[in-house]
Amino acid sequence: MNKTRKAALHNLGCKVNAYETEAMRQMLEEAGYEIVPFAPGADVYVINTCTVTNIADRKSRQMLHRARKMNPQAVVVAAGCYVQTAQNPVEDDPMIDIVLGNNCKKDLIRALAEFDEARGSEKIDINHTKEYEQLFVSRTQEHTRAYIKVQDGCNQFCSYCIIPYARGRVRSRAMDDVQREVQALASNGCQEVVLTGIHLSSYGTDLGTSLLELIQMVHETEGISRIRLGSLEPGIITEAFAQTLAGLPKLCPHFHLSLQSGCTQTLIRMNRRYTADEFREKCRILRSHFTDPAITTDVIVGFPGETQEEFEETKAFLEELCLYETHIFKYSKRHGTRAAAMPDQIAEQIKSERSESLIALGEENRRRFEQLHAGRQKEVLFEEKQQINGAQYFIGYTKEYMKAAVPADEDYENVRLFGRLGREIDAHVFLLERESEG
Ligand code: SF4
């Protein structure tokens with residue numbers, strides 16, 4: 001009898017990567033592999049790599065080498081964005097047996113079979129196709145919330161970003177395909193879906209449909225009680241878009257709008273397609289259709305040529321907008337992008353100072369947002385048990401993505417409860433004072 005082969009996976013990077021890793025995990029399971037932790041003892045190691053920053057590149061290389069070290073006889077598969085863009089081709093790396101470019105993750109099982117046949121004599125390299133890659137996930141390890149990839153690629157070419165080179169042009173997933181996946185997830189008990197993509201706002205531009213239509217379709221799915229959206233391009237927010245979303249009760253009032261800079265001159269150099277004023281207007285629109293929605297954002301500090309005045313402009317802008325969460329990134333030079341060749345690259349020390357300053361401001365803004373919502377009635381979807389100050393709690397999220405807790409006197413995993421957001425029992429975790437079960 002054949003021994004069951006053991007496979008271990010490791011994911012790096014964004015939610016789209018996480019979705020793809022989950023899809024590969026399910027493919028391996030269906031092909032008869034036993035999924036084991038990323039530790040010594042596996043026969044196959046799959047690393048879904050990332051290239052968004054230099055640190056991501058480094059971590060990708062480290063994980064590939066760690067896999068080889070854990071079992072020198074194992075098959076090591078390098079998949080994803082780092083593989084696609086690495087300057088020293090991973091094809092030449094003796095640590096790696098199979099190279100799976102983006103759009104080729106669906107071919108994992110075939111590549112493993114081919115490698116077995118050719119074992120020892122050649123490296124398998126599958127790369128470079130253009131159509132939307134068909135991957136499917138019917139359940140998630142978390143049970144409660146599922147990230148659904150609906151789109152790949154980006155046509156924007158922001159001057160700092162390597163992603164269009166790693167992921168290619170915009171491709172959208174067919175709506176009925178998304179629908180089938182959402183239905184499968186719902187029938188496996190998943191209540192919340194998060195629609196994700198590399199450039200989600202472009203969804204449907206290649207299919208003659210739109211993100212709004214997709215959201216409306218997902219909203220119809222029985223069993224799904226929450227829809228959350230991945231990162232949105234500010235340009236998609238119009239009065240009509242926000243008004244339609246506000247009419248969908250399952251839609252979470254939690255919007256991630258990537259700002260990157262609050263200074264219009266910097267935005268122009270970044271090749272972002274909006275001004276600071278336009279971004280402000282998008283926040284106003286959302287706030288006029290939703291009651292204190294959670295608006296979160298990303299900001300890059302130390303972009304080439306960012307003067308102290310430009311940085312101060314961004315800081316003042318963030319103070320004024322008072323967003324829920326601000327993720328700060330220090331600019332990371334990516335070879336092959338326009339920004340990498342720009343003059344006036346900023347010293348690491350200055351990047352760090354600017355980053356610390358905005359992280360502190362982000363924390364203040366987050367407090368202000370949380371205080372606004374404390375004491376209000378909320379629905380919380382609970383996910384997992386956690387120990388806080390020696391006691392057991394179930395932890396969940398409001399629709400705004402604020403963390404709330406109830407004592408773990410029963411099993412509340414995947415249960416919705418309603419109540420008032422009470423005192424803070426841990427940093428950013430609020431006690432839910434219950435009324436009834438959902
Ligand atoms: S929109 Fe800009 S930052 Fe986002 S993936 Fe596309 S090029 Fe990169």
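The figures here come from the full heavy-atom set of this structure, side chains too, leaving out hydrogens, waters and symmetry mates. Whatever order the structure lists them in is the order used to number ligands and atoms, beginning at 1.
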For this session: Determine, for Glu278 against Lys282, whether the closest basic-nitrogen to carboxylate-oxygen distance falls under 4.0 angstrom.
Result: no
Exercise. Under 4.5 Å between any side-chain heavy atoms of Phe329 and Val299, yes or no?
Worked result: no
For this session: Could you list all the salt bridge (Lys or Arg N to Asp or Glu O under 4.0 Å) pairs where at least one residue sits in residues 152-164, not counting sequence neighbours?
Result: Lys149-Asp152, Asp152-Arg167, Asp152-Arg171
Problem set entry | Reference residue Glu310; test side-chain hydrogen bond (donor to acceptor under 3.5 Å, both in side chains); the match among Arg269, Lys315, Gln265 | Arg269
Exercise. Which protein residues have a heavy atom under 4.0 Å from ligand 1?
Worked result: Cys154, Gln156, Phe157, Cys158, Tyr160, Cys161, Ile163, Pro164, His199, Arg272
Exercise. With a 3.5 Å cut-off and no angle check, do the side chains of Gln191 and Arg145 form a donor-acceptor pair?
Worked result: no
For this session: State whether Glu363 and Arg366 are salt-bridged, where the test is any N-O pair (Lys NZ or Arg NE/NH1/NH2 against Asp/Glu carboxylate O) under 4.0 Å.
Result: no
